[in-house]
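The figures that follow rest on heavy atoms only: side chains count, while hydrogens, waters and symmetry mates do not. In this text, all values refer to a predicted model and were calculated from it rather than measured experimentally. Every number for a ligand or one of its atoms is a count from 1 in the order of the listing.
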Amino acid sequence: MKKFTDVHDIGPFDAAVREALAIKSDRFAHTQLGRNKTLMMVFFNSSLRTRLSTQKAAMNLGMNVIVLDINQGAWKLETEQGVIMDGDKAEHLLEAIPVMGCYCDLIGVRSFAGLSDKAEDYEERVINQFIRYSGRPVFSMEAATRHPLQSFADLITIEEYKTKERPKVVLTWAPHPKALPQAVPNSFAEWMNAAGYDFVITHPEGYELAPEFVGNARVEYDQRKAFEGADFIYAKNWSAYADPNYGKVLSTDRAWTVDAEKMALTDNAYFMHCLPVRRNMIVTDEVIDSDRSIVIPEAANREISAQVVIKRLLESIC
Ligand code: AN0
Ligand code: CP
C-alpha cells in the first residue's frame, strides 16, 4: 500500500479485517518493522482520538513519531498555487511539504473541508499536494471528503459485534449547532456499501450526500421508518452538500436526536458514533450511556485500523 486515502487502498475487506483482529490479539508482534523509521503526523485541525490512536499504533510498530500542529507554532501555510503571497501566510505548501518529507518516512495528514469552496474540497487539494510533493507514503487522518481510518475502525467494530451475516446498518443525520464536513458520512457510506451490508441513510431533505458516496444505499427521509429492524445505528451530523447550500446548517431540529424511543424501533441495535459527540443534540444521555452503546470500543479500534494501515505502508518501503 503506497497511500491510504479511500476504501480502494485497503483491498479485500476479509483480509483487512483478519489482519486487524490478528494485530488486536498481539499488537507488539511487529515491533521491528518500524525500527529507525519516523512517522510525521501533520494536523491542520484539532483531534483527540486520531492523534492518540495513530501515535500509539506507530509506537506499537516500533516507530518514532513527530507531531506537527500547523496552527500552533508553525508558519501559516499558503495552500493555493499561483497566488501573490502578500497576506498573512509566510510559507507555501510547495516548500513545506518536501521539507517535511526530508525528516520522515511516512506522513499522516488531517485537513478538513473548508466548507466554502466545494470544488476545492472535493478535489482534495491539500492531501493531494502531500501525495504529489512529499516523496513519502501518505495517509489520511481525515481529509476534506473522507475519514478512512474511522471507517475502517467502524467496519472492524461492526464485524466484531454483528450477529447476522448481513446486518442492517443505518446512518442517521442528527442535529449539531455548527457546520461540520461530510467526510465521516461520505466515508462511512463508501465502506458500508463495499461491505455489502443492508445499508440505509436517513436525513432531513436538503442533506443529500454526493451521489458517488450514496451509491446503492437506500435513502429514507422518515427516520423512524429507517430505524425499524436496524442492527446498528450510526449517528453523525453533517452540513449540506447540495448547491446552493454547500457547507450550510439547514436544520438543528432536535426531533432528529437519537433517543430511547427511536432505538426501541430497532432490533436491539448497537449505537455508534465516531466521537466527539454533543450529548442531547446528537444522542440522548440515556442512549449513549446504555449497554447497547459501543462508542468506546469503536474508538479503541482506531488504534487497530491505524496499525494495519501504518504496517502496510511500512511494508511498502522496507
Ligand atoms: C469533525 C467532523 O465532523 O468531521 C471530526 C469528526 C471525527 N467533527 C467535529 O468537528 C465536531
Ligand atoms: N473520531 C475522530 O477522528 O476523533 P478526533 O477528531 O478526536 O481525532
Taking distance alone, with no angle check, do Pro276 and ligand 2 share an N/O pair under 3.5 Å?
no
Between Thr79 and Gln129, do the side chains contain a donor N or O and an acceptor N or O under 3.5 Å apart?
no
Between the side chains of Glu190 and Asn186, is a donor N or O closer than 3.5 angstrom to an acceptor N or O?
no
Hey, what's the ring geometry for Tyr234 with Phe188, parallel, tilted or perpendicular (30° and 60° as the breaks)?
parallel
Using a strict cut-off of less than 4.0 Å between a Lys/Arg side-chain nitrogen and an Asp/Glu carboxylate oxygen, indicate whether Glu160 and Lys24 qualify as a salt bridge.
yes
Among protein heavy atoms, which lies nearest atom 4 (O) of ligand 2, and at what distance?
Arg49 NE, 2.8 Å
Closest to atom 2 (C) of ligand 2 by heavy-atom distance, out of Glu142, Arg51, Arg302, is Arg302
Using the six-membered ring wherever Trp is involved, compare the ring planes of Tyr246 and Tyr122 and label them parallel, tilted or perpendicular (cut-offs 30° and 60°).
perpendicular
Answer with yes or no whether Gln150 contacts ligand 2, where contact means a heavy atom under 4.0 Å from a ligand atom.
yes
Present, as a list of atom pairs with distances to 0.1 Å, all nitrogen or oxygen contacts under 3.5 Å between ligand 1 and the protein.
residue	atom	partner	partner atom	Å
ligand 1	3 (O)	Lys236	NZ	2.7
ligand 1	4 (O)	Glu142	OE1	3.4
ligand 1	4 (O)	Glu142	OE2	2.6

Side chains of Arg302 and Thr50: is there a donor and an acceptor less than 3.5 Å apart?
yes
Taking OH in Tyr221 as the centre, count heavy atoms belonging to other residues, nucleotides or ligands within less than 6.0 Å. Is the count above 12?
yes
Of Asn45, Leu149, Leu275, Leu48, which has the heavy atom at the shortest distance from atom 7 (O) of ligand 2?
Leu48
With Asp231, the side chain to side chain donor-acceptor pair (under 3.5 Å) member among Lys162, Lys168, Lys164:
Lys164
